[in-house]
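Working notes, structure below.
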Amino acid sequence: MATKQTSAEKRHAQSEVRRLRNKAVKSRVHTSARKYLDAVQKKDKDLALATLKDLQSELDNAYRKGVIKLNAASRKKSRMYNLYNKTFVAAAAN
């Protein structure tokens with residue numbers, strides 16, 4: 001016969017599942033950001049734009065799932081777009 005689970009044990013198990021799920025989402029965001037920064041450093045405009053779109057999607061997904069807040073996602077997207085513009089758009093204008 002299975003032992004009865006207390007509410008504290010159940011809550012702990014639920015929080016552990018959520019922690020691991022949140023960790024996976026954050027890891028995908030960090031990986032996308034790293035790939036984007038690598039593309040910018042290599043001065044590969046097409047790859048940078050593609051990875052920037054992927055990063056934006058990952059950030060929006062993380063916000064939708066409640067892993068990060070809206071302002072955090074918006075701030076990171078803004079900084080990444082500014083980096084893209086300074087690296088590629090401003091360089092093309094000069």
Side-chain angles (χ1 to χ4, degrees):
M1 186 165 129
T3 60
K4 195 165 184 174
Q5 188 178 33
T6 66
S7 62
E9 290 168 339
K10 180 179 177 181
R11 179 58 77 183
H12 177 68
Q14 289 173 334
S15 68
E16 184 66 14
V17 167
R18 289 189 187 102
R19 182 185 71 84
L20 293 173
R21 189 177 304 135
N22 292 344
K23 184 178 177 184
V25 171
K26 283 183 184 181
S27 177
R28 283 198 304 272
V29 169
H30 290 185
T31 301
S32 293
R34 191 180 66 243
K35 286 180 182 178
Y36 169 68
L37 292 174
D38 287 345
V40 169
Q41 283 182 341
K42 292 177 185 174
K43 304 284 190 205
D44 187 345
K45 186 175 182 177
D46 295 331
L47 180 61
L49 185 59
T51 55
L52 181 57
K53 297 296 182 184
D54 290 341
L55 175 58
Q56 180 179 352
S57 175
E58 289 292 345
L59 287 167
D60 290 339
N61 192 28
Y63 163 67
R64 250 184 271 108
K65 291 182 177 186
V67 177
I68 62 175
K69 295 192 181 282
L70 176 61
N71 285 359
S74 298
R75 182 178 60 244
K76 192 151 190 90
K77 285 192 286 189
S78 176
R79 288 177 180 170
M80 295 302 173
Y81 272 100
N82 282 337
L83 177 63
Y84 181 86
N85 289 334
K86 284 179 186 175
T87 305
F88 299 111
V89 177
N94 289 336

Within one Ile-Leu-Val-Met-Phe-Trp-Tyr cluster: Leu52 and Leu37, side-chain cutoff 4.5 Å: yes
Closest contact, heavy atoms only, Tyr63 versus Lys69: CD1-C, 3.8 Å
Side chain to side chain contact (heavy atoms under 4.5 Å, CB included) between Arg28 and Asn61, worked out: CA-CA 10 Å; Arg28 283 198 304 272; Asn61 192 28; 4.1 Å; yes
Rounded distance (nearest 0.5 Å) linking atom NZ of Lys4 with atom CD of Glu9: 12.0 Å
From Leu59 atom CG to Ser32 atom OG, the distance as rounded to the nearest 0.5 Å: 8.0 Å
Donor-acceptor pair, side chain of Ser15 and main chain of His12, under 3.5 angstrom: yes
Within 6.0 angstrom of Lys77 NZ, more than 12 heavy atoms from elsewhere: yes
Flag, side chain of Tyr36 to backbone of Met80, donor-acceptor distance under 3.5 Å: yes
Ser78 (side chain) donor-acceptor with Ser74 (main chain) under 3.5 angstrom: no
Close side-chain approach of Asp44 and Asp46, heavy atoms under 4.5 Å: yes
Whether Thr31 side chain and Ser27 backbone form a donor-acceptor pair below 3.5 Å: yes
Approximate separation, where rounding is to 0.5 Å, of Leu70 CG and Arg75 CZ: 10.5 Å
Atom CZ of Phe88: over 12 foreign heavy atoms under 6.0 Å: yes
Path from Leu55 to Val25 over hydrophobic side-chain contacts below 4.5 Å: yes
Interatomic distance, Lys43 atom NZ to Gln41 atom CD [nearest 0.5 angstrom]: 9.0 Å
CZ-CG distance between Arg79 and Leu83, expressed to the nearest 0.5 angstrom: 12.0 Å
